[in-house]
Amino acid sequence: MSRKTVLVSGGAGFIGSHVTVELSNAGYDVVIADNFSNCDETNYKGVCQILGKELPLIKMDFCDAKAVNELFDAHQIDAVIHFAAYKAVGESVAEPLMYYNNNLVSFINIIDAARTHGGCNVLFSSSATVYGETDVLPVTEVSPRQPATSPYGNTKQICEDILRDSVAAYDGVKGIALRYFNPIGAHPSALIGELPRGVPNNLVPFITQTAVGKRECLSVFGNDYPTEDGTCLRDYIDIVDLAKAHVCAVSRMVDGKMKEEYEIFNVGTGRPVSVLELINAFEKVNDLKLNWKFAPRRAGDVVAIWADPQRANEELGWTAERSVEDTLAAAWAWEKRLAGKE
């Protein structure tokens with residue numbers, strides 16, 4: 001059987017780079033495309049170093065329909081994984097049109113090109129944010145979506161709907177939406193990892209940047225939540241485990257094993273961890289003390305959310321394997337390498 005080609009939009013970013021490594025290790029040919037609006041070539045170079053080979057890299061904007069069609073003309077694409085989206089909640093509130101334009105138009109262009117090039121398997125990078133503040137935990141794939149609390153979250157819901165409706169309308173287009181929970185960590189090689197521009201929006205890079213001295217103090221937003229230690233509960237998933245879930249989903253599509261033409265899977269561990277628990281685990285596994293303080297609650301943060309991953313475990317044959325401790329050790333190794341302190 002001939003090798004299958006997977007297009008990874010936004011493939012030079014945090015999640016895209018790790019997915020690229022796992023796809024390549026699984027025997028897929030990978031084409032990376034990115035406009036580098038939220039990253040540089042650090043992770044791309046790390047991917048090539050891990051794999052010991054150069055991968056095709058195309059610098060382009062997926063909001064450019066002509067460029068997207070030319071990309072599909074140039075490559076026989078069997079599946080596309082879409083990561084080329086803006087993802088900062090606060091920024092989306094301040095700049096909603098920027099988010100709606102980039103996140104929706106880029107995805108529409110991909111599906112349109114897939115449709116006009118004879119069909120394609122489309123894997124969408126969705127988010128647990130679509131569940132909002134839910135009353136029943138853990139959440140399953142049939143848990144109701146709540147009204148989005150930010151334009152970012154709304155684009156995730158809208159893109160899921162675009163994929164669902166496109167699959168129903170266009171022959172040859174099949175789709176899977178993976179709803180991530182909280183991806184953290186870095187590749188065990190410390191050659192690729194999370195590389196936020198400016199002040200991090202996510203907890204773990206703020207932790208590691210504080211530990212390495214790049215940030216003076218870590219703020220823990222809220223200590224009066226109705227949880228055991230007063231801080232929010234989240235489902236933190238190792239980035240390599242998350243990447244492997246994409247390989248399972250792509251294989252399910254290209255091997256013709258989907259039970260429906262549009263499917264949804266939660267990608268999480270099923271284990272809730274509080275913000276304080278994560279900080280304590282980081283300090284213990286890396287044998288250091290963080291400078292941190294409590295700060296007022298942050299608007300838009302839900303109290304608690306974690307996944308029921310049973311469907312992904314059974315249908316995709318995927319299970320989260322890496323411990324929080326291993327993940328936090330990898331995140332710290334990556335940060336030290338960036339700082340030249342490894």
In terms of side-chain heavy atoms, does Asp235 have a donor or acceptor partner in Thr269 at a distance below 3.5 Å? yes
Nearest atoms (heavy-atom pairs only) where Asn201 meets Arg298: O-NH1, 4.2 Å
Please name the residue in the list Val324, Ile184, Thr327, Val267 that meets the side chain to side chain contact (heavy atoms under 4.5 Å, CB included) test with Ile237. Val267
Does one hydrophobic cluster hold both Val21 and Ile81, with members joined at side-chain heavy-atom distances below 4.5 Å? yes
Taking CD in Glu228 as the centre, count heavy atoms belonging to other residues, nucleotides or ligands within less than 6.0 Å. Is the count above 12? no
Check: Glu216/Asn291 side-chain N/O donor and acceptor closer than 3.5 Å: no
To the nearest 0.5 Å, atom CZ of Arg337 lies from atom CD1 of Ile192 at 10.0 Å
Test salt bridge (charged side-chain N to carboxylate O under 4.0 Å, His left out) on Asp73 and Lys66 and set out the steps. CA-CA 10 Å; Asp73 288 338; Lys66 182 173 181 289; over 6 Å; no
For residues Ser126 and Glu160, is any side-chain donor paired with an opposing acceptor at under 3.5 Å? yes
Heavy-atom pair of closest approach, residues Ala307 and Gly268: CB-CA, 4.1 Å
Closer than 4.0 angstrom, basic N to acidic O: yes or no for Arg115 and Asp171? no
Between Glu141 and Arg311, is there a salt bridge with N-O shorter than 4.0 Å? no
Arg145 side-chain N/O to Gln157 backbone N/O, donor-acceptor pair under 3.5 Å: yes
Return yes if some donor-acceptor pair links the side-chain N/O of His75 with the main-chain N/O of Ile77 below 3.5 Å, else return no. no
Side chain to side chain contact (heavy atoms under 4.5 Å, CB included) between Leu137 and Trp306, worked out: CA-CA 7 Å; Leu137 289 165; Trp306 67 91; 3.5 Å; yes
Using a 4.5 Å cut-off on heavy atoms from C-beta on, say whether the side chain of Leu104 contacts that of Ile158. yes
Does this structure show an ion pair linking Lys214 with Glu335, if we count only N-O contacts that are shorter than 4.0 Å? no
Regarding Asn43 and His18, is there a side-chain donor-to-acceptor distance under 3.5 Å anywhere? no
Can you list, pair by pair, the side-chain donor-acceptor contacts under 3.5 Å of residues 55-62, counting residues two or more places apart and other chains?
from, atom 1, to, atom 2, distance (Å)
Lys59, NZ, Glu41, OE2, 2.8
Asp61, OD1, Cys63, N, 2.9

Does the separation of the ring centres of Phe83 and His246 fall below 6.0 angstrom? yes
When rounded to the nearest 0.5 angstrom, what distance separates CG in Asn102 from CZ in Phe107? 13.0 Å
Looking at Glu263 and Arg252, does any basic side-chain N land under 4.0 Å from a carboxylate oxygen? yes
Under a 3.5 Å cutoff, is there a donor and acceptor pairing between the side chains of Tyr180 and Ser125? yes
Backbone N or O of Gly230 within a donor-acceptor pair of the Asn223 side chain at under 3.5 Å? no
So does Thr231 get a backbone contact from the side chain of Thr227, meaning a donor-acceptor N/O pair under 3.5 Å? yes
Smallest heavy-atom separation, Asp241 atom then Trp318 atom, equals O-NE1, 2.9 Å
Answer yes when Lys174 and Glu260 have at least one side-chain N-carboxylate O distance shorter than 4.0 Å, and no when they do not. no
Would Val19 and Leu316 show up in the same hydrophobic cluster when neighbours are defined by side-chain heavy atoms closer than 4.5 Å? yes
To check you understand the geometry: which heavy-atom pair defines the closest contact between Pro296 and Phe221, and what is its length? O-CD2, 3.4 Å
All heavy atoms of Asp238 vs all of Arg322, minimum pair found to be OD1-NE, 3.0 Å
So, for Gly193 and Phe14, which heavy atoms are closest and what is the spacing to 0.1 Å? C-CD1, 3.4 Å
What residues, two or more places apart in sequence or in another chain, satisfy side chain to side chain donor-acceptor pair (under 3.5 Å) together with Asn154? Tyr100
Go through it in stages, so that I can follow the logic: the residues are Asn109 and Asn69, the test is side chain to side chain contact (heavy atoms under 4.5 Å, CB included), and I'd like the CA-CA distance, side-chain angles, deciding distance and then a yes or no. CA-CA 8 Å; Asn109 286 343; Asn69 276 289; over 6 Å; no
Has Glu261 got a side-chain atom pairing as donor or acceptor with Val173's backbone, closer than 3.5 angstrom? no
How many angstroms lie between SG in Cys39 and CD in Glu194, if you round to the nearest 0.5 Å? 12.0 Å
Between Asp40 and Thr42, is there a donor-acceptor pair closer than 3.5 Å when you use the side chain of the first and the backbone of the second? yes
Side chain to side chain contact (heavy atoms under 4.5 Å, CB included) between Ile111 and Leu163: does it pass, once the steps are laid out? CA-CA 8 Å; Ile111 295 179; Leu163 183 56; 4.1 Å; yes
Under 3.5 Å, is there a donor-acceptor pair linking the side chains of His82 and Ser9? yes
Pairwise side-chain contact, Arg215 with Val199, heavy-atom cut-off 4.5 Å (strictly under): yes
CA sep, side-chain torsions, deciding dist, call: Thr208, Phe282, side chain to side chain contact (heavy atoms under 4.5 Å, CB included): CA-CA 9 Å; Thr208 58; Phe282 180 85; 3.8 Å; yes
Members sharing Tyr99's hydrophobic cluster, built from side-chain contacts under 4.5 Å between Ile, Leu, Val, Met, Phe, Trp and Tyr, are Tyr86, Val89, Met98, Tyr152
Answer yes when Arg3 and Asp29 have at least one side-chain N-carboxylate O distance shorter than 4.0 Å, and no when they do not. yes
Quick check: is Leu338 connected to Val47 through a chain of hydrophobic side chains (ILVMFWY, heavy atoms under 4.5 Å apart)? no
Output yes when a side-chain donor or acceptor of Ser166 lies under 3.5 Å from a complementary backbone atom of Ile162, and no otherwise. yes
Give a yes or no answer on whether the side chain of Gln146 reaches the backbone of Glu133 with a donor-acceptor pair at less than 3.5 Å. no
Path from Ile305 to Val136 over hydrophobic side-chain contacts below 4.5 Å: no
Determine yes or no for a side-chain-to-main-chain donor-acceptor pair under 3.5 angstrom, with Asn313 supplying the side chain and Pro309 the backbone. yes
Arg234 CZ to Asp301 CG distance, which is reported to the nearest 0.5 Å: 5.5 Å
Verify, without hydrogens or angle tests, whether Gln49 (side chain) and Gly46 (backbone) share a donor-acceptor contact under 3.5 angstrom. no
Tell me, do Ser219 and Lys293 make a side-chain contact under 4.5 Å, heavy atoms counted? yes
Donor + acceptor pair across side chains of Tyr131, Asn266 (<3.5 Å): yes
Hydrophobic clusters here meaning ILVMFWY residues chained together by side-chain heavy-atom distances under 4.5 Å, can you tell me if Ile239 and Ile207 are in one? no
